[in-house]
Novice: 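Sending over a structure as C-alpha cells; questions will come in a sec.
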There are 2 protein chains.
Amino acid sequence: MSNRDDVLEALGEVFRHYGYEGASIARISAATGLGKGSLYHLFPGGKDEMATAVITHIHDWFERAIFSPLRLTGDTDGMWDHVAAYFNRGGRVCLIGAFALADTRDRFATAITRYFTCWIDALALAYRQGGVENAHPMAVNAVLRVQGAIVLSQALGNTQPFETTIADLRLH
Amino acid sequence: MSNRDDVLEALGEVFRHYGYEGASIARISAATGLGKGSLYHLFPGGKDEMATAVITHIHDWFERAIFSPLRLTGDTDGMWDHVAAYFNRGGRVCLIGAFALADTRDRFATAITRYFTCWIDALALAYRQGGVENAHPMAVNAVLRVQGAIVLSQALGNTQPFETTIADLRLH
DNA sequence: GGAGAATTGTAACGATCGGTACAGGATCAG
DNA sequence: CTGATCCTGTACCGATCGTTACAATTCTCC
C-alpha cells in the first residue's frame with residue numbers, strides 16, 4: 001500500500017463492510033497489507049483516529065467531486081452521475097450514514113452532521129439557482145431519499161430502488 | 001425481567017444502540033438484568049439466536065400492528081401514526097434497516113428481505129385499494145423515505161426530517 | 001414435604017480485542 | 001561510510017470477547 005489515500009480507501013471499505021466495532025485491527029491490517037506497527041505509526045490515535053481520518057477523507061472527496069461543483073455550477077445532473085457511481089448503484093453503503101445509526105454517531109457527531117449539512121446546503125443552493133421554490137426542504141428530501149435507497153437496495157439485495165430513486169431525483 | 005417479550009424488547013434496544021458486534025453479552029446481561037446462565041438458557045444458540053429472535057419479534061409486531069391492518073383495511077393514515085410512534089419521530093433507529101447496512105445483512109439476509117418485502121407489499125396493496133396508480137413503486141418509495149428519514153434525523157440529531165417526511169407521505 | 005425439572009449465578013475456557021514496546025531494516029543527508 | 005530518522009514486523013500486554021460447565025437455587029407438581 002503506497003500512499004496514504006490508498007490506505008484510507010481500503011480502511012473505508014473495512015469500516016463500511018464490518019462497521020466500527022466489527023472492523024478489528026487484525027482485519028484492517030489484512031485489508032491494508034500494513035502491520036500493526038505501520039498502522040499505529042500512521043494513526044497514533046488508534047482506531048478512533050483511523051475512523052476520523054476516513055470520514056474526513058470521504059468528506060474531502062465529496063467536497064471536491066460533488067459539493068463544490070454543485071455550489072459553483074449548480075449542475076445537479078452531473079452530481080447524480082457522481083453519486084450513483086460512488087455508491088455503486090446502491091451496492092456500496094454510505095459509511096457516514098451507517099455511522100449515524102449506531103453509537104458511533106455520538107463519537108463522530110460533528111463530522112457526521114457536517115457531511116450531511118454540507119451536502120444539503122450545496123444542493124439547496126443549486127436548486128435555488130435553478131429557480132426551484134422550497135429549495136432547502138427539497139434538498140433535505142433528496143439526500144434523505146439517497147440514504148433510504150441505499151438501505152433498501154442493501155436490504156433487498158437489489159439495486160433497483162436506488163436506480164429508480166436517482167432517476168426520479170434527476171427530474172428536479 | 002419477567003416474560004420473554006420484555007427480554008426481547010430490551011435486547012432490541014441494545015442491538016439498536018450498539019449494533020450487532022457492539023452488543024456484547026456483558027452489555028446485554030446488564031440491559032436485561034439476566035445473567036449469562038439465563039441468557040444462554042433462553043437462547044442456546046447464543047448471540048446469533050438472540051438477534052434472530054429480536055428480528056422475528058420485531059417482524060411479528062409489525063405484522064400485527066402495521067402489515068395486517070394495512071392489508072385488511074387499507075388505512076394508510078393509521079399506519080403512519082403507528083410508524084411515527086414506533087420510530088419515536090426519527091429518534092429510534094430501525095434495527096432491521098441498520099442490520100442491512102453491515103455484514104450482518106448476509107447473516108440475516110432472508111429475515112431482512114422478508115421484513116421489507118412484507119411492508120412494501122402490504123402498503124402497495126393498500127395504495128391499490130385506494131385507487132392509486134403505480135402502487136408498488138409508490139410503496140417502495142414510501143418505505144425507502146422512512147428509512148432515509150431515520151438516517152438523516154439521526155445524523156443531524158434533529159427529528160424534523162422524519163416529521164416532514166411522514167407528513168408528506170400522509171398526502172398519498 | 002420431597003422428588004424432579006427449570007432456572008440462575010459464578011467461575012473459568014481459549015480466542016481475540018485494542019494498544020504498546022522495541023529491535024532491526026530501510027532510507028537519506030552529509 | 002556514518003549517523004540519524006523513518007518505517008515496520010514481532011512479541012507481548014491486560015482486558016474483554018462469546019461460550020461452556022456446573023453447582024446452587026428456585027420452582028412445579030404429586
Side-chain angles (χ1 to χ4, degrees), chain A residues 1-57 95 98-99 101-109 111, chain B residues 1-57 95 98-99 101-109 111:
Chain A
M1 198 103 343
S2 49
N3 58 56
R4 193 165 203 267
D5 276 7
D6 289 341
V7 174
L8 287 172
E9 213 65 45
L11 219 41
E13 289 306 314
V14 180
F15 281 125
R16 239 182 278 273
H17 194 75
Y18 296 104
Y20 183 79
E21 312 279 351
S24 69
I25 302 292
R27 267 204 260 253
I28 291 171
S29 178
T32 57
L34 265 51
K36 286 191 180 187
S38 313
L39 244 22
Y40 277 88
H41 176 76
L42 273 164
F43 308 100
K47 236 174 107 167
D48 202 286
E49 187 178 338
M50 295 180 206
T52 305
V54 167
I55 295 175
T56 304
H57 180 250
L95 176 66
F99 272 16
L101 291 179
D103 65 328
T104 41
R105 143 63 229 195
D106 299 326
R107 202 187 313 226
F108 309 110
Chain B
M1 197 103 341
S2 48
N3 58 55
R4 192 165 204 266
D5 277 6
D6 290 341
V7 174
L8 287 173
E9 213 64 46
L11 218 42
E13 289 307 315
V14 180
F15 280 125
R16 239 182 278 275
H17 194 75
Y18 297 104
Y20 183 79
E21 311 279 351
S24 69
I25 302 292
R27 266 204 261 253
I28 291 171
S29 178
T32 56
L34 265 51
K36 290 188 179 186
S38 313
L39 244 23
Y40 276 88
H41 176 75
L42 274 164
F43 308 100
K47 236 175 106 167
D48 201 286
E49 186 178 341
M50 295 182 205
T52 305
V54 167
I55 294 175
T56 304
H57 179 249
L95 175 66
F99 272 16
L101 291 180
D103 64 329
T104 41
R105 143 61 232 196
D106 299 325
R107 202 187 316 224
F108 309 110

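So that the names make sense, note that chain A is the first sequence line, chain B the second, and so on, each numbered from 1. Since the model is a prediction, treat every value here as computed from it, not as a measurement.
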Novice: Nearest nucleotide by nearest heavy atom, which residue falls closer to the 5' end of DNA chain C, A/Pro44 or A/Ser24?
Specialist: A/Ser24
Novice: Is the side chain of A/Ser38 donor-acceptor paired with the backbone N or O of A/Leu34 at a distance under 3.5 Å, no angle test?
Specialist: no
Novice: Expressed in angstrom and rounded to an integer, what is the separation of A/Leu42 atom CG from C/dG19 atom P?
Specialist: 15 Å
Novice: Please confirm whether the backbone N or O of A/Tyr20 pairs with a side-chain atom of A/Lys47, one donor and one acceptor, at under 3.5 Å?
Specialist: yes
Novice: Starting at atom CZ of A/Arg4, determine the distance to atom P of D/dT8, rounded to an integer number of angstrom.
Specialist: 13 Å
Novice: Just the rounded figure in Å: distance from P of C/dG9 to CD1 of B/Ile25.
Specialist: 15 Å
Novice: Would you say B/Ser29's side chain and B/Ile25's backbone share a donor-acceptor pair under 3.5 angstrom?
Specialist: no
Novice: Tell me whether B/Arg27 forms a cation-pi arrangement with B/Tyr18, defined as NZ or CZ under 6.0 Å from the six-membered ring centre and within 45 degrees of its axis.
Specialist: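 Flagged: B/Arg27 positioned over aromatic ring of B/Tyr18.
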Novice: How many Å lie between CG on A/Leu39 and P on C/dG18, as a whole number?
Specialist: 11 Å
Novice: Could you state the CZ-P distance from A/Arg27 to C/dT16, rounded to the nearest angstrom?
Specialist: 11 Å
Novice: At under 4.0 Å, does any side-chain N or O of A/His41 touch on OP1 or OP2 of D/dC7?
Specialist: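 Yes, within the criterion.
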Novice: The side chain of A/Lys47 lies closest to which of these nucleotides: C/dG18, D/dG18, C/dT7?
Specialist: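 Within the option list, the nearest is C/dG18.
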Novice: What is the distance, rounded to the nearest whole Å, between atom CZ of B/Phe43 and atom P of D/dG18?
Specialist: 15 Å
Novice: May I have the distance from B/Met50 (atom CE) to D/dG18 (atom P), rounded to whole angstrom?
Specialist: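 The answer, rounded to whole Å, is 9 Å.
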Novice: Between D/dC7, D/dT20, C/dG18, which nucleotide gets closest to the side-chain atoms of A/Tyr40?
Specialist: C/dG18
Novice: Check A/Ala111 against A/Ile55 and note the closest heavy-atom contact, atom names and distance.
Specialist: CB-CG2, 3.7 Å
Novice: Is the B/Phe99 ring parallel, tilted or perpendicular to the B/Phe108 ring (thresholds 30°, 60°)?
Specialist: parallel
Novice: A/Phe43: what forms a ring-ring contact (aromatic ring centres under 6.0 Å, His included) with it, not counting sequence neighbours?
Specialist: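 With sequence neighbours excluded, A/Phe43 shows a ring-ring contact (aromatic ring centres under 6.0 Å, His included) to no residue whatsoever.
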Novice: Please produce a list of atom pairs where a protein N or O lies less than 3.5 Å from an N or O of nucleotides 9-14 of chain D.
Specialist:
residue: D/dG9; atom: OP2; partner: A/Gly35; partner atom: N; Å: 3.2

Novice: Would you mind reading off the distance between B/Glu21 atom CD and C/dG18 atom P, rounded to a whole angstrom?
Specialist: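 Result: 10 Å.
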